[in-house]
Structures are given as C-alpha cells and as structure tokens.
Amino acid sequence: MPELPEVEVTRRSFADRIAGARIESVRLGKALRWPLGCDPALLAGRRVQAVRRRGKYLLLDLDRGLLLLHLGMSGSLRFDAGLPPAAVHDHFDLVTDRGVLRLNDPRRFGAAVYCESEQSAECRKLLGALGVEPLEDGFDAGAFHAALKRRQAPIKQVLLAGDVVVGVGNIYASEALFLAGIRPTLPAARISRPRAAKLHAAVRDVLARAVAKGGSTLRDFSNAQGESGYFQLEAMVYGREGEPCRVCGTPIRMIRQGQRATFYCGQCQKT
DNA sequence: AAAAGCCCCTGGATGC
DNA sequence: TGCATCCAGGGGCTTT
C-alpha cells in the first residue's frame with residue numbers, strides 16, 4: 001500500500017503530536033520482518049524528539065538512538081490516546097504519555113527496528129544504499145540522467161529499485177512513465193537527456209500531487225489519525241488494463257516486469 | 001557492479 | 001457454499 005506519498009502523509013499526521021512524548025512501554029505482537037533489535041524495556045523513559053522520513057522508512061529520533069519503522073506492503077500507523085486493545089494484526093505498540101503509536105500490518109512485511117545511531121551498522125544496512133529524495137533539491141535532472149546512463153535494466157525496474165531515486169513504488173512508477181511518455185521496458189541507459197528531464201519532472205509531479213492530496217490510494221490507506229486520503233488519485237494507467245487510455249483511447253496494456261505488474265499505453269508510450 | 005529471481009505473509013477476489 | 005488459485009502498493013538476500 002504505502003509509497004512515498006502515503007508514508008509522508010502518515011508522518012505529517014503524527015510527527016508534531018508525538019514530538020516530546022515520553023515512551024512508557026513497547027508491546028510486540030507477532031514477528032514483523034525483523035526483530036526489534038533491542039530489549040523493549042530499554043526504550044522506556046526515552047523521549048521521541050522528531051519524526052523524519054527517508055524513502056519509505058520513518059525515522060523516530062529518540063533522545064538516544066532511533067527507531068526505524070517501515071510499513072511494508074500492508075502496514076499502517078495510528079497514533080492516538082485511547083486506542084482500543086490491540087487486535088490481530090497490531091504487531092507493534094509504542095506506548096507513550098501522549099498516546100499509542102500502533103503499527104497494524106496484516107502481511108507483516110513491515111518493520112520496527114531500533115538503532116543506536118544512524119551510523120550504526122544496522123541502520124546503514126537498511127538506509128545506506130538508498131537513492132536521492134525525489135521531492136528535495138538533491139534530485140537533479142542532470143544527475144538523474146547520468147545515473148540512468150549507467151543502467152541497462154528496464155527503466156520501470158530502475159525506478160522501482162530505489163537506489164537511484166527513492167519512494168517510487170509500483171503504482172507511481174507506471175504513472176510517472178505514462179506522464180513522461182516513456183515505455184516501461186526501455187533500458188534506462190537509452191533515455192535521452194531531454195526525456196530524462198521529462199521523467200524527472202513527472203516523478204516529482206506525481207509524488208508531490210499525491211502528498212498534497214493526502215495520499216492517493218487505490219484501496220484503503222489512512223493516516224495516523226485514521227483519516228482516509230480524501231481523494232483518490234485518478235490513475236492514468238495503473239490497474240486499468242483493457243480500459244481506454246485517458247489521453248488517446250487506446251486500450252491500456254499490462255505486462256510483468258520482475259514479478260510486478262506494469263501498465264502503459266502502447267500509443268502514448270511508444271519508445 | 002548490476003541484473004534477475006526468490007521469498008517473507010495474509011486476505012480478498014475470482015473461478016470451478 | 002466450499003475449495004483452489006491467483007494476486008496485491010516492498011525490498012533484502014542470494015544467485016547469476
């Protein structure tokens with residue numbers, strides 16, 4: 001479910017409210033992707049100072065150490081005082097004096113991992129290879145083009161890999177390529193400078209619009225206050241196999257790239 | 001170094 | 001209604 005926009009919207013929905021909160025306890029449910037990495041009791045008494053985002057990870061800065069949270073494929077966070085008792089898929093509760101931060105994640109691809117610091121081996125293993133943030137100034141069209149030049153893999157898979165640019169998930173990869181008029185199967189290295197610039201703009205545009213709208217979501221996304229994205233991003237191609245292209249009317253095609261579905265318009269994305 | 005596959009897990013939709 | 005099959009928004013790890 002969560003790509004960069006959903007993670008960012010989630011972050012914004014509780015960052016200010018949790019900043020300064022004192023951790024009282026941690027409750028763990030069934031195992032997530034990785035173990036917490038420390039004795040939960042060790043966290044009691046620490047304070048949450050800030051919540052940052054790196055790619056699709058959320059970083060909770062504590063007065064000592066930090067907590068990495070990832071929503072995986074099916075995770076969502078809530079932060080509130082007076083949450084109901086933990087239910088089946090609630091696998092992590094950070095109980096604070098201002099409320100409980102709860103990770104609900106049916107498929108358990110998500111994670112909550114404690115790191116002593118951002119320089120720790122554990123933290124670097126998870127965050128070290130991540131590419132640039134698409135919505136920050138470091139995302140530069142020229143550098144983006146140069147990075148694509150070094151990759152022979154299909155552009156869709158390079159976008160998804162996250163080592164060039166982070167946060168572009170399966171939905172927005174298809175959407176950005178449609179906006180840029182680029183065929184998803186095109187080897188990244190074959191994209192010209194002007195077309196790379198167009199893709200650069202498309203990635204920014206689609207992600208920024210989704211953040212502004214409160215997180216697009218095809219199904220059931222809600223932020224940490226339990227509010228749905230009040231708007232469903234109208235997908236141009238994602239999930240629309242066989243339906244007419246919104247620009248030219250040609251039926252949208254679906255293919256598989258690395259076990260993931262890709263959608264595109266054969267007419268608007270000829271090369 | 002880069003690319004391609006595999007796999008973790010549960011639930012909902014679809015088909016017989 | 002019941003059961004099998006397929007599919008899902010991520011990403012680290014292992015193998016080529």
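First the proteins, then the strands, lettered A, B, ... as listed; each starts at 1.
Under 3.5 Å, the side chain of Arg151(A) and the base of dA3(B) form no donor-acceptor pair of N or O atoms. Not a single donor-acceptor pair, N or O on each side, falls under 3.5 Å between the base of dC9(B) and the side chain of Arg108(A).
Not one N or O on the side chain of His145(A) forms a donor-acceptor pair closer than 3.5 Å with the backbone of Ala196(A). For the pair Ser74(A) (side chain) and Arg107(A) (backbone), a donor-acceptor distance under 3.5 Å is present. Within the 3.5 Å criterion, the main-chain N or O of Leu28(A) finds no donor-acceptor partner in the side chain of His91(A).
As a whole-Å value, the separation of Asn104(A) CG from dG11(B) P is 11 Å.
In this model, the phosphate group of dG11(B) is approached by a side-chain N or O of His89(A) to a distance below 4.0 Å at OP1 or OP2. The phosphate of dC9(B) (OP1 or OP2) has no side-chain N or O of Lys30(A) nearer than 4.0 angstrom. OP1 or OP2 of dG9(C) lies within a sub-4.0 Å distance of a side-chain N or O belonging to Tyr238(A). Lys56(A) has a side-chain polar atom (N or O) that falls below the 4.0 Å cut-off from OP1 or OP2 of dG11(C).
Residues of residues 255-262 of chain A having a heavy atom closer than 4.0 Å to DNA chain B, listed by number: Gln259(A).
Relative orientation of the Tyr57(A) and His70(A) rings is perpendicular, given thresholds of 30° and 60° on the angle between their planes.
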Below 3.5 Å between N/O atoms, which protein atoms pair up with nucleotides 14-16 of chain C? Just atom names and distances, please.
none

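Taking atom P in both dA1(B) and dG11(C), one finds a spacing of 22 Å when rounded to whole Å.
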For DNA chain C, please output the secondary structure as dot-bracket, reading 5' to 3'. Pairs are Watson-Crick or G-U wobble, both atom distances under 3.5 Å; mark crossing pairs with [ ], other-strand partners with |, unpaired with a dot. .|||||||.|||||||
